[in-house]
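Chain identifiers are assigned alphabetically (A, B, ...) following the order of the sequence lines, protein sequences preceding nucleic acid strands; residue numbering begins at 1 within each chain. Nothing here was measured: the structure is a model prediction, and the numbers come from that model.
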Protein chains: 2
Amino acid sequence: MNYAHIKYTRNVKDMSPRLILDSKKMLYDKVHVMSQSDNETTFAIGELAREFDITPRSIRFYEEQGLLSPTRTGQNRVYLNKDRVRLKLILRGKRLGFSLAEVKTLFDMYDSNPNSAVQLEAMLEMSEQKRAVLNQQLEDIQMLMTELDDVETRCREELAELKRGKIA
Amino acid sequence: MNYAHIKYTRNVKDMSPRLILDSKKMLYDKVHVMSQSDNETTFAIGELAREFDITPRSIRFYEEQGLLSPTRTGQNRVYLNKDRVRLKLILRGKRLGFSLAEVKTLFDMYDSNPNSAVQLEAMLEMSEQKRAVLNQQLEDIQMLMTELDDVETRCREELAELKRGKIA
DNA sequence: TTACAGGTTTACGTTAACGTTAATTACATT
DNA sequence: AATGTAATTAACGTTAACGTAAACCTGTAA
């Protein structure tokens, strides 16, 4: 690591994720306009890479780590909509500081035989842990937000002083 | 990386940070009971390490990266309350996925000559960027939370089924 | 048919954030 | 005097998450 936030910053600088998605759908990707969760449309690795602003290398790496398992036509990878959803989940997890390994165990739990009581208990426990982490992050974010507010107001005040020529 | 969340998980498993702090203050650390922001009390590296559940190595590393600058008595590091606050900020930043380098530039901006208009503008810009990132994280957290809700309810329902002997 | 745009595997390189000895110092207690 | 506890510097090791380069295939547009 840790290029995650850098990549993300690049995202933000351009446009909001939702906006990117929508404009792409409207302008280039007419197939997807028809139905939101089209189960027949497929994606090439480059398409997904562009959509989520990551490299094909990353996507292949996620597969190597057992987080994705696309089908193939010949030697080329073909991604279905469920793969795209998974990728989206991976990236969301990353933004929140989850390691790929953690995301994988969550996926595995979700996938594996859900009839086992042991599995279900483990799932619940992990769920609780994650919830605690997320709550802490929420608290952190709120504190940072108010601090940013303070900094901003002080900055703007000082700038106003400067413009009034009190110092310069 | 990425041991951050692991360490943090260990925190959560034990007790809430505030509770740890309070009990320590009440039981062992009588000096600190008197005033919250005591500007005279000092801390050894081990104390801070224990309080924040990190290793002394990490604290020295943060210093090496220019994030902390404790005084000395002889060759031993002595941390004042402002150093402790800085450390707390560092860790909060880490929990939110900031790199140490990012935290440092924030610190540097905060510290450096605040009369420069350029500095202030830069500060505001960075502040805006961070705010965007935090907003995205908030959205991510909310989505994850509701998904966790779903998973939990499904888990509990299936467990109830199991206990009623419908399957087993 | 020659580009070329996109895909593939293999494999070594890189960075951040520490971990982990090792060898040494110093104060406190027994 | 010996033992224990906490600190120090120096330096090499480690892990996650990719980056990057090389060498290759492959359908299609010029």
(request) Figure out the CD/C1' separation between B:Glu64 and D:dC12, and round it to whole Å. (result) 13 Å
(message) From CG of A:Asn76 over to C1' of D:dG27, roughly how many Å is that when rounded to an integer?
(response) 10 Å
(request) Under the side chain to side chain contact (heavy atoms under 4.5 Å, CB included) rule, what do B:Leu138 and A:Leu138 come out as? Steps first, then yes or no, please. (result) CA-CA 7 Å; B:Leu138 263 179; A:Leu138 265 178; 3.1 Å; yes
(message) Show the nearest heavy-atom pair for residues B:Ile45 and B:Arg77, with the distance to one decimal.
(response) CD1-CD, 4.3 Å
(request) Remember a base hit wins even if backbone is also touched, and classify B:Arg77 as base, sugar-phosphate or nothing at under 4.0 Å, heavy atoms. (result) sugar-phosphate
(request) For the side chain of B:Ile45, starting at C-beta, report the closest nucleotide among C:dC18, C:dT8, D:dT8. (result) D:dT8
(request) From the options D:dA17, C:dC18, D:dA7, select the nucleotide whose nearest atom is closest to the side chain of A:Lys94. (result) D:dA17
(message) Output the rounded distance in Å from CG (A:Leu48) to P (C:dG6).
(response) 15 Å
(message) How many whole angstroms separate atom CG of A:Asp53 from atom P of D:dG19?
(response) 11 Å
(request) State whether B:Ser58 places a side-chain N or O below 4.0 Å from either non-bridging phosphate oxygen (OP1 or OP2) of C:dA17. (result) no
(message) Without decimals, in angstroms, what is the distance between A:Ile54 CD1 and D:dG19 C1'?
(response) 14 Å
(request) Check whether any side-chain nitrogen or oxygen of B:Tyr62 sits under 4.0 Å from OP1 or OP2 of C:dC18, and answer yes or no. (result) yes
(request) Ignoring the backbone of A:Thr55, work out which of D:dC18, C:dA17, D:dG19 is nearest its side chain. (result) D:dG19
(message) Just the rounded figure in Å: distance from P of D:dG19 to CZ of A:Phe61.
(response) 10 Å
(message) Please find the pair of heavy atoms, one from B:Pro70 and one from B:Asp83, that lie closest to each other, and give the distance.
(response) CA-OD2, 4.1 Å
(request) Assign each of A:Gln65 and A:Gln75 to its nearest nucleotide of DNA chain D by heavy atoms, then name whichever residue's nucleotide is nearer the 5' end. (result) A:Gln65
(message) If you go through the side-chain atoms of B:Arg57, does one of them form a donor-acceptor pair with the base of C:dT20 closer than 3.5 Å?
(response) yes
(message) Side-chain N or O of B:Arg60 versus OP1/OP2 of C:dA17: is the shortest distance under 4.0 Å?
(response) no
(message) Using a 3.5 Å distance criterion without hydrogens, assess whether the side chain of B:Gln65 forms a donor-acceptor pair with backbone atoms of B:Leu100.
(response) no
(request) Specify the closest pair of heavy atoms between B:Gly97 and B:Glu102, including all atoms of both residues, with the distance to one decimal. (result) O-OE1, 4.3 Å
(message) Taking the minimum atom-to-atom distance to the side chain of B:Ser99, which one of C:dA17, D:dT8, D:dA17 wins?
(response) C:dA17
(message) Without decimals, in angstroms, what is the distance between A:Glu63 CD and C:dT9 C1'?
(response) 12 Å
(request) Calculate the interatomic distance between A:Ile59 atom CD1 and D:dG19 atom P; express it in whole Å. (result) 11 Å
